[in-house]
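So the structure is just underneath, and the comments pick up after that.
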Amino acid sequence: MISEFGVEGLRVRRLAAAAGVSPPLVSYHYPDQATLIESVHRELVLDYFVYRESAANAASGPVEKLRACARAGLPPAVDPALVAPLFELHGLARRHSKHAEAMSGLWHSEHALYLGIIEAGVREGVFSLVRSASDVAGTLLALEDGLALHLVGDNNSMSGEWALGTLLHTAALELGCPELEHSSLLP
């Protein structure tokens, strides 16, 4: 519903109809629209992170884990219907502390995911660092978020393959691991 109508277009009647329930039932569980939207934001954050973590954990070795993590953060690998509402809801963070908490929580979780992969790669001698692992994880995550925003916004000047290649190129430079760039980029 958020992808189709935006946050401003959410209506209890629309949501109830889409869910196949009555509007009073929605109102019973969510006494006001703000509570409903906060709940949706928390659920989207959880779904998105679980998807990313599962993708990274399914891969073997630091290089493949980092590739999988990066791929899972960018459309088309991650469903734009999952990511687009996140960007809309994150925009509420400036005015609402619950949305800021959800957004910050996602950043911390994703940062920790990248950080764990990077630290494992350093321990295994696959990655080498000039800057701290935390700084590199933050750089990759910030770049990924910017690229995803353009992909979700249908920027016709960039493709998912180009975005992923750019992210992996940056990771290869930051981690002293040219092997990160040599892969089949998209699933």
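- The number of heavy atoms from other shown groups lying within 6.0 Å of CZ (Arg95) is above 12.
- Tracing side-chain contacts under 4.5 Å through hydrophobic residues (I, L, V, M, F, W, Y), one never reaches Met103 starting from Leu92; they form parts of separate clusters.
- Side-chain contact between Ser134 and His111 is present, with heavy atoms from C-beta onward closer than 4.5 Å.
- Shown here for Tyr114 and Ala137, the closest heavy-atom pair between the two residues is CB-CB, 3.8 Å.
- Taking the side chain as every heavy atom from C-beta outward, Ser128 and Val122 never approach each other to under 4.5 Å.
- Between the side chains of Asp32 and Thr35, at least one donor N or O sits under 3.5 Å from an acceptor N or O.
- The distance from atom CG of Leu106 to atom CG of Leu89, rounded to the nearest 0.5 Å, is 11.5 Å.
- Here CG of Leu175 is found 6.5 Å from CG of Leu66. Values are rounded to the nearest 0.5 Å.
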Check step by step if side chain to side chain contact (heavy atoms under 4.5 Å, CB included) holds for Val63 and Phe127.
CA-CA 9 Å; Val63 170; Phe127 301 150; 4.1 Å; yes
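- By the rule that hydrophobic residues join a cluster once side-chain heavy atoms approach within less than 4.5 Å of another member, Val50 and Leu141 end up as members of separate clusters.
- By the criterion of side-chain heavy atoms lying less than 4.5 angstrom apart, applied directly or through intervening Ile, Leu, Val, Met, Phe, Trp or Tyr residues, Leu82 is grouped together with Phe87 in one hydrophobic cluster.
- Contact of the Glu144 side chain with the Glu110 side chain is registered, since non-hydrogen atoms from C-beta on lie closer than 4.5 Å.
- Between atom CD of residue Glu88 and atom CG of residue Leu44 there is a gap of 11.0 Å, rounded to the nearest 0.5 Å.
- A continuous path of ILVMFWY side-chain contacts below 4.5 Å connects Leu74 to Met158, so both sit in one hydrophobic cluster.
- No donor-acceptor distance shorter than 3.5 angstrom exists from the side chain of Lys65 to the backbone of Ser60, with no hydrogens or angles considered.
- Scanning both residues, Cys69 and Ile117, for their nearest heavy atoms gives CB-CD1, 3.8 Å.
- Hydrophobic clustering of Ile, Leu, Val, Met, Phe, Trp and Tyr side chains at less than 4.5 Å, counting indirect connections, keeps Leu115 apart from Val126.
- Closest of all the heavy-atom pairs between Pro62 and Glu124 is CD-OE1, 3.3 Å.
- Of all non-hydrogen atoms in Ile118 and Ala133, the two that sit nearest each other are CG2-CB, 3.8 Å.
- Side-chain contact between Trp162 and Leu147 is present, with heavy atoms from C-beta onward closer than 4.5 Å.
- With contacts defined as side-chain heavy-atom distances shorter than 4.5 Å, the pair Arg131/Thr139 qualifies.
- Put simply, CG on Leu143 and CG on Leu167 are 5.0 Å apart, with the number rounded to the nearest 0.5 Å.
- How far CG of Leu86 is from CG of Asp47: 9.0 Å, rounded to the nearest 0.5 Å.
- Across every non-hydrogen atom of Gly160 and Pro76, the tightest pair is CA-CD, 4.0 Å.
- A salt bridge is absent between Glu181 and Arg67; no separation between the charged side-chain nitrogens and carboxylate oxygens falls under 4.0 Å.
- By the 4.5 Å heavy-atom criterion applied to side chains, Ser104 and Glu101 are not counted as neighbours.
- From Gln33, atom CD reaches atom CD of Glu38 across 11.5 Å, with rounding to the nearest 0.5 Å.
- Scanning all heavy atoms of the two residues, the minimum distance from Tyr48 to Ala72 falls at CE1-O, 4.2 Å.
- Counting only N and O atoms by type, the side chains of Arg52 and Ser109 include no donor and acceptor under 3.5 Å apart.
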